[in-house]
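Below is one structure; the comments refer to it alone.
Here the structure is a predicted model, which means the values were calculated and not measured. Here is how names work: the chains are called A, B, and so on, in the same order as the sequence lines, proteins then strands, and each is numbered from 1.
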2 protein chains.
Amino acid sequence: MAGIEDVARLAGVSASTASRALNGHPRISAETVRRVAEAAQTLGYVASSSAYTLATGRNRNIGVVLPYVERWYFGTVLAGIDSRLMQAGYDLSLYNFNGSSEQRASVFTDFLLRRRVDALITVAVKLEAGELDVLHRLGKPVLAVGGPVPGASTLRIDDFGAAKLATLHLLSLGHSRIALIGGDAASEMDFRQPETRHGGYLEAMADHGIDVPDSWFFPADFTVGGGYAAAKTALSDPRLSFTALFAASDEMAIGAVLAARDLGMRVPEDVSIVGIDGHDLSEFFGLTTVAQAPRDQGARAADLILEALSGGEAAEATDTVWPIELVVRSTTTRNHGA
Amino acid sequence: MAGIEDVARLAGVSASTASRALNGHPRISAETVRRVAEAAQTLGYVASSSAYTLATGRNRNIGVVLPYVERWYFGTVLAGIDSRLMQAGYDLSLYNFNGSSEQRASVFTDFLLRRRVDALITVAVKLEAGELDVLHRLGKPVLAVGGPVPGASTLRIDDFGAAKLATLHLLSLGHSRIALIGGDAASEMDFRQPETRHGGYLEAMADHGIDVPDSWFFPADFTVGGGYAAAKTALSDPRLSFTALFAASDEMAIGAVLAARDLGMRVPEDVSIVGIDGHDLSEFFGLTTVAQAPRDQGARAADLILEALSGGEAAEATDTVWPIELVVRSTTTRNHGA
DNA sequence: TTGAAAGCGCTAACAT
DNA sequence: ATGTTAGCGCTTTCAA
């Protein structure tokens, strides 16, 4: 593989001049720039990233930390991040917990310390104190998508408001017996969303003077399967006779729709269902949801982190709130049983 | 951040001894290894990856090239790859085309040439001649998941056989008017699967003496939405009266199920539907499918590439065929109209 | 505007 | 079994 010495020789200059020409330094003659660029072109020269990094301290590489790549939300945010990063010539290192706490630990005790990345984007992870310490010691910009993370910049939707909005939608349709399908213990550990959305639901109910017993909460793991099981439990209990279900994610809401159908219930005539996310599939299920735009959020996240990298090092931590939108489709309707 | 000199000083040895101790070289006294490990531990020392790479030529980093991270199949394969790689202490660089040909081009003309990765795993991408050249010149092990890729090791299912198996299942149930929902022009460019699966379908039909007119093929883009649209077209045409649909992926098959329902048709009484993949959601739709196990395939792919890295450099290109399984559920039944 | 030389932080070859 | 020295391939002072 051609090195910078080869390029320099072919262009008839020294290695340092070649380096300057390639990196767009100011005081290089136009003619030299042209010849060096041409030489690099013909030799197919691309600088070795490790040598570049060792010399400059810069990696041109961003780390993305998330718990489950294979899930729609995370994959979509990641796609958005990645597309912007590539455009900017940045590589992307993926740190996926795979739902494993050992892997999660190794990311912070080992992988991140290798200094392979210039900055970090975390997606919907609830960082522990020790993990935060690691990030601070690293001294690299951190952007938390689906935050907030204390001391780091964040890009997030108002999860509390989103849950409240979804619940208010059901309340405004005359429902009052509204079950919550929310995060279980395991997802509480991983993400920030479960408890915040839970809170939004409770506040909306309280605002309408509804006292919510613990028995109205059905924990699930944020998957279609989890939502299906939770909804089946919720809807089969004869003592509770819910007319509506609020699921803290679209995947759980879709599971709930399928569960209702399998129980012989009609949606929305017998039970109204609303979710949060704006999942690709929500349109096909006619799911009423509070939509966010994960792909666009990802792209924005990449822009923000690149700005932090180019701007002054000691930039303030920013908190960007991404807009959400209630999309009413056909899984919710007025409560006629009331 | 602590460097190896700091560790060496604290342990009372030279930098090279510290390096050897940390990297598990043979002739180091047990006592020295212990002291160095302890020093590294207390200082929180982790070797800088760029310095390590520059000195050794090794990255401990694997590149993964794929077209759409946010889609279930790719995300799941990626999760499988990633989990094994992390266990082995390897980083993962993601090169996602994002369905963009410019991004695809830049991966091969720029990103891969930075020598950030020791080896490459491609997932279901159909490589062009020029792209293959780049990989060969790189001289790094390449493993194609969902191959085959000429000259590279592969890990794949028998796509032709899978499609044939799915089609034969429908034929054995007495269906003969079987439409194909397969890849469109765009997906033909990106992946290998579309045309191979198309071929399997045709051969099964031919084996049963059925002449398949072009009008029985409905192109789609491998998404639920694409499958939905294609199925709607296929099932609404009064002149064709299909009793069964074979979709070349589960996501398209799920779209087909939803389309059939929206047309007021019962599945499987009015139309049988079968897919390929073993998608997480296929169980909820009762979808009959030919299952592969993307996550396990990903894990295996990581193992294979790590073996290639540790073994002799000039290892033979291997071709591993992953087993598939017909999973019969409730979207297919005997053809009663015949 | 350009070249020579030093140095980024590590590992490996060469001594001992 | 361990220390000394050179060098991986770049960028960046320092000089000119």
Side-chain angles (χ1 to χ4, degrees), chain A residues 1-37 39-40 43-61 89 91 110 113-118 138-140, chain B residues 1-37 39-40 43-61 89 91 110 113-118 138-140:
Chain A
M1 288 227 52
I4 197 160
E5 298 270 14
D6 302 307
V7 174
R9 203 174 307 122
L10 183 56
V13 296
S14 72
S16 41
T17 300
S19 170
R20 285 185 278 243
L22 257 11
N23 291 298
H25 282 223
R27 299 124 178 278
I28 300 292
S29 83
E31 169 60 9
T32 302
V33 169
R34 203 194 51 69
R35 285 222 317 286
V36 171
L43 295 175
Y45 170 81
V46 176
S48 149
S49 64
S50 54
Y52 170 82
T53 298
L54 195 53
T56 62
R58 271 168 259 127
N59 282 285
R60 294 199 191 162
N61 189 35
D91 279 76
D110 184 24
L113 300 179
R114 295 179 184 172
R115 281 149 292 170
R116 224 187 263 279
V117 303
D118 295 322
L138 238 39
K140 318 222 148 156
Chain B
M1 289 225 53
I4 198 161
E5 298 270 13
D6 301 309
V7 174
R9 203 173 307 121
L10 183 57
V13 296
S14 72
S16 45
T17 300
S19 170
R20 286 186 280 243
L22 256 12
N23 291 296
H25 281 225
R27 298 123 179 277
I28 300 292
S29 83
E31 169 60 11
T32 301
V33 170
R34 204 194 53 67
R35 285 220 318 284
V36 171
L43 295 175
Y45 169 80
V46 175
S48 148
S49 63
S50 54
Y52 170 83
T53 297
L54 196 54
T56 63
R58 271 169 260 126
N59 283 284
R60 294 198 192 166
N61 189 35
D91 279 77
D110 184 24
L113 300 180
R114 296 178 183 173
R115 281 149 291 170
R116 225 187 260 279
V117 303
D118 296 321
L138 239 39
K140 317 221 149 158

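Listed here is the closest heavy atom pair of B:Tyr45 and B:Leu22: CE2-CD2, 3.8 Å. Residues A:Arg35 and A:Val13 approach most closely at NH2-CG1, 4.0 Å, considering heavy atoms. Minimum heavy-atom separation, A:Leu113 to B:Gly44: CD1-O, 4.5 Å.
Closest to the side chain of A:Ser29, out of D:dT12, C:dT11, C:dT1, is C:dT1. The side chain of B:Thr17 sits closest to D:dT2 out of D:dT2, C:dT2, C:dG9. The side chain of A:Ala55 lies closest to D:dT11, out of D:dT11, C:dT11, D:dG3. Side-chain proximity of B:Ile4 to C:dG3, C:dG9, C:dT11: nearest is C:dT11. Of the candidate nucleotides D:dC10, C:dG3, D:dG3, D:dC10 has the atom lying nearest to any side-chain atom of A:Ala51. Closest to the A:Thr56 side chain, of the nucleotides C:dT11, D:dT12, C:dC14, is D:dT12.
Across all strands, A:Ser16 comes closer than 4.0 Å to base atoms (heavy-atom distances). Across all strands, B:Arg114 comes closer than 4.0 Å to no nucleic acid atom at all (heavy-atom distances). Here B:Thr53 lies out of heavy-atom contact (under 4.0 Å) with every strand. A:Thr32 comes within 4.0 angstrom of sugar-phosphate atoms only, judged by non-hydrogen atoms across all strands, and of no base.
Atom-to-atom, CZ of A:Arg9 to P of C:dA4 comes out at 13 Å; the value is rounded to the nearest Å. One can place CZ of A:Arg116 at 15 Å from C1' of C:dG9, the figure rounded to the nearest angstrom. Note: CZ (B:Arg27) to C1' (D:dG3) measures 16 Å, nearest angstrom. Spacing between atom NE2 of B:His25 and atom C1' of D:dG3 amounts to 15 Å, rounded to whole angstrom units. Taking atom CD on A:Glu5 and atom P on D:dC10, their separation rounds to 8 Å, with Å as the unit. Regarding B:Asn59, its CG atom lies at a distance of 14 Å from the P atom of C:dT11, rounded to whole Å. At whole-Å resolution of the value, CG in B:Leu22 and C1' in D:dT2 are 15 Å apart. Across the protein-nucleic acid pair, B:Arg20 atom CZ and C:dT11 atom C1' stand 9 Å apart, rounded to whole Å.
For a distance-only test at 3.5 Å, the side chain of A:Arg115 fails to qualify as a donor-acceptor partner of the base of C:dG9.
The phosphate of C:dA4 (OP1 or OP2) has no side-chain N or O of A:Ser14 nearer than 4.0 angstrom. For the OP1/OP2 pair of D:dT12 and a distance below 4.0 Å, the side-chain nitrogens and oxygens of A:Arg58 include at least one atom meeting the criterion. Taking only side-chain nitrogens and oxygens, B:Tyr45 comes nearer than 4.0 Å to OP1 or OP2 of C:dC10. Within the 4.0 Å cut-off from OP1 or OP2 of C:dG9, not a single side-chain nitrogen or oxygen of B:Ser48 is found.
The backbone N or O of B:Arg115 sits less than 3.5 Å from a side-chain atom of B:Asn59, completing a donor-acceptor pair. Judged purely by atom type and a 3.5 angstrom limit, B:Asp118 uses its side chain to pair as donor or acceptor with the backbone of B:Arg60.
No side-chain donor from either of A:Arg114 and B:Tyr52 sits under 3.5 Å from a side-chain acceptor of the other.
If you find the closest nucleotide of DNA chain D to A:Ser19 and to B:Leu54, the one lying nearer the 5' end belongs to B:Leu54.
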